[in-house]
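Here is the structure we will look at, set down as structure tokens.
Just so it is clear: chains get the letters A, B, ... in the order the sequence lines come, proteins before strands, and each one is counted from 1. Computed from heavy atoms alone, side chains included, the values below leave out hydrogens, waters and symmetry copies.
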Amino acid sequence: MAEPEKQPISIEALKRGDRSEFARMVDAYSLHIYRLAMRMLSNPQEAEDVLQETFLKALRALPNFEGRSSLSTWLYRIAVNEALMVIRKRKPELSLSRPAEDGEEDDNGEEMQIVDWGHMPESELLSLEARRNIDQAVEKLPETLRVVFLLRDVEGLSIEETADSLGISQAAVKTRLLRARLRLRDELSNYYRERMKES
Amino acid sequence: MNDPSHAHKCDHLIATISEYVDGSLSPQLCAELEKHLRECENCTVVVDTLRKTISLVQTCAEDDCLPGEVRARLFHTLDLDDFVKNDAMV
Ligand SMILES: [Zn+2]
């Protein structure tokens with residue numbers, strides 16, 4: 001997420017307990033945190049819980065915020081941990097630091113989809129049905145790949161910030177990002193190939 | 001793609017395309033990949049559609065919004081009801 005343009009959020013004021021500044025911070029980042037949680041969990045109630053819990057934790061932890069990472073990276077880290085806790089309740093075996101999660105291995109042996117759909121008109125690439133398909137393709141990614149993709153490509157964090165938010169190495173971020181992107185590309189290729197046949 | 005050594009080259013270079021579309025690939029690997037792309041239609045399609053994939057997901061995500069009632073409940077939970085009217089929505 002881009003730091004807010006107008007007046008940057010003052011860490012000093014936040015640490016002093018300035019409530020109006022805290023409200024500004026909430027407004028600057030809540031959409032981003034909610035979007036991340038929605039796309040991690042695909043459940044509005046759980047996403048809202050994560051959103052609230054993230055800012056409650058941030059409020060409590062602010063006095064100890066050292067500013068080694070940016071405010072946004074710090075908030076994302078809290079939010080990711082909250083979302084992962086929700087997912088672990090569903091899937092206790094999930095771990096971000098394990099090198100290869102189930103379903104995260106290389107997709108060797110699977111043929112890459114070679115369909116040149118990139119030149120289809122935007123109206124077809126982004127039809128209502130196509131958008132649903134895109135959202136579902138992201139949902140289908142294993143969590144360990146999905147969270148990397150969301151932070152890097154949807155929220156626009158750098159490789160370094162993504163690694164920092166997740167507590168994993170930059171090399172692991174790059175590997176997972178590649179896999180996530182290739183899988184999404186394959187999913188979208190499957191979908192658009194059928195649309196191309198129809199037209 | 002029928003030439004096995006050519007297919008091998010494709011597999012090997014696929015690992016670099018994610019950094020390539022980010023513009024963060026080393027100059028040497030970048031030159032190697034671009035040389036291959038000039039000769040290989042399949043890999044060119046993969047690179048083009050990978051770029052498109054990322055931008056389509058981004059376009060969809062830009063439409064996400066924070067529902068007003070979710071924001072109101074968040075402000076209430078944080079004891080910020082006084083500020084809920086300051087509509088600084090993005
Ligand atoms: Zn090739």
Side-chain angles (χ1 to χ4, degrees), chain A residues 4 6 19-20 22-24 26-28 30-35 38-39 44 47-48 51-53 55-56 59 108 112-120 122 125-126 130-132 134-135 137-138 149-150 152-156 159 174-175 177-182 184-189 192, chain B residues 1 7-8 10-25 40-90:
Chain A
K6 290 180 192 165
R19 290 172 69 244
S20 137
F22 190 73
R24 278 212 319 133
V26 173
D27 266 332
S30 50
L31 168 64
H32 297 274
I33 301 294
Y34 184 68
R35 174 166 67 191
M38 268 299 277
R39 287 173 180 274
E48 185 171 347
L51 175 70
Q52 297 192 354
E53 210 40 51
F55 285 106
L56 283 170
L59 189 58
N108 284 338
M112 300 257 315
Q113 292 289 335
I114 310 291
V115 186
D116 194 4
W117 50 267
H119 307 290
M120 286 169 74
E122 290 282 306
L125 288 172
L126 286 167
R131 282 169 182 264
R132 261 201 307 279
I134 292 168
D135 288 344
V138 175
F149 177 80
L150 291 172
R152 175 73 186 92
D153 281 341
V154 175
E155 298 304 330
I159 298 284
K174 287 183 191 175
T175 309
L177 184 63
L178 170 71
R179 289 180 187 163
R181 286 170 164 180
L182 288 177
L184 286 174
R185 195 203 67 89
D186 266 358
E187 288 285 334
L188 267 56
S189 297
Y192 290 122
Chain B
M1 272 295 231
H8 179 75
C10 298
D11 287 346
H12 164 72
L13 286 171
I14 282 302
T16 68
I17 66 171
S18 182
E19 285 186 83
Y20 178 69
V21 301
D22 283 342
S24 60
L25 194 58
C40 180
E41 239 175 272
N42 284 356
C43 283
T44 303
V45 168
V46 172
V47 168
D48 287 349
T49 51
L50 186 73
R51 277 208 180 95
K52 198 77 199 172
T53 295
I54 297 167
S55 92
L56 286 174
V57 179
Q58 287 170 340
T59 303
C60 287
E62 276 165 19
D63 292 346
D64 289 2
C65 62
L66 183 71
E69 67 272 19
V70 173
R71 177 176 178 270
R73 285 193 292 265
L74 174 63
F75 272 63
H76 182 70
T77 301
L78 296 168
D79 200 16
L80 291 172
D81 292 298
D82 299 354
F83 300 95
V84 80
K85 285 222 168 73
N86 299 0
D87 194 18
M89 294 296 289
V90 192

Could you tell me which non-hydrogen atom of [X] sits nearest to which non-hydrogen atom of [Y], and how far apart they are?
| X | Y | value |
| --- | --- | --- |
| Ile14(B) | Leu178(A) | O-CD1, 3.7 Å |
| Pro67(B) | Tyr34(A) | CD-CE2, 3.6 Å |
| Ala23(A) | Leu80(B) | CA-CD1, 4.0 Å |

If you count heavy-atom pairs under 4.5 Å between each of Gln113(A), Gln52(A), His119(A) and chain B, which one has the most?
Gln52(A)
Most heavy-atom pairs under 4.5 angstrom with chain B, which of Phe149(A), Trp117(A), Phe22(A)?
Trp117(A)
Partner chain A: residue of Thr44(B), Leu50(B), Asp63(B), Val21(B) with the largest heavy-atom pair count (under 4.5 Å)
Leu50(B)
Under a 4.5 Å cutoff for heavy-atom pairs, which residue among Asp48(B), Asp22(B), Thr16(B) has the most contacts with chain A?
Asp22(B)
At what distance, to the nearest 0.5 angstrom, does OG1 of Thr77(B) lie from CG of Leu59(A)?
11.5 Å
Side chains of Asp27(A) and Arg71(B): closer than 4.5 Å at any heavy-atom pair?
yes
Are the side chains of Met112(A) and Val46(B) in contact, using a 4.5 Å heavy-atom criterion?
yes
When Glu19(B) is tested against each of Arg152(A), Arg181(A), Lys174(A) for salt bridge (Lys or Arg N to Asp or Glu O under 4.0 Å), which residue passes?
Lys174(A)
Non-hydrogen atoms of chain B under 4.5 Å away: do they reach the side chain of [X], the backbone, both or neither?
| X | answer |
| --- | --- |
| Glu122(A) | side chain |
| Leu188(A) | side chain |
| Ile134(A) | side chain |

Scan the side chains in residues 53-61 of chain B for donor-acceptor partners under 3.5 Å anywhere in the protein, sequence neighbours excluded, and list what turns up.
{"from": "Thr53(B)", "atom 1": "OG1", "to": "Thr49(B)", "atom 2": "O", "distance (Å)": "2.7"}
{"from": "Ser55(B)", "atom 1": "OG", "to": "Lys52(B)", "atom 2": "O", "distance (Å)": "3.4"}
{"from": "Gln58(B)", "atom 1": "NE2", "to": "Asp153(A)", "atom 2": "O", "distance (Å)": "2.8"}
{"from": "Thr59(B)", "atom 1": "OG1", "to": "Ser55(B)", "atom 2": "O", "distance (Å)": "2.8"}

Checking side chain to side chain contact (heavy atoms under 4.5 Å, CB included) for the pair Leu66(B)/Arg35(A): CA distance, chi angles, key distance, verdict?
CA-CA 8 Å; Leu66(B) 183 71; Arg35(A) 174 166 67 191; over 6 Å; no
Report yes or no: does Arg19(A) contribute a side-chain atom to a donor-acceptor pair with the main-chain N or O of Asp79(B) at less than 3.5 Å?
yes
By a 4.5 Å heavy-atom criterion (distance strictly below it), what part of Arg73(B) contacts chain A: side chain, backbone, both, or neither?
both
Glu41(B) versus chain A, heavy atoms under 4.5 Å apart: side chain, backbone, both or neither?
neither
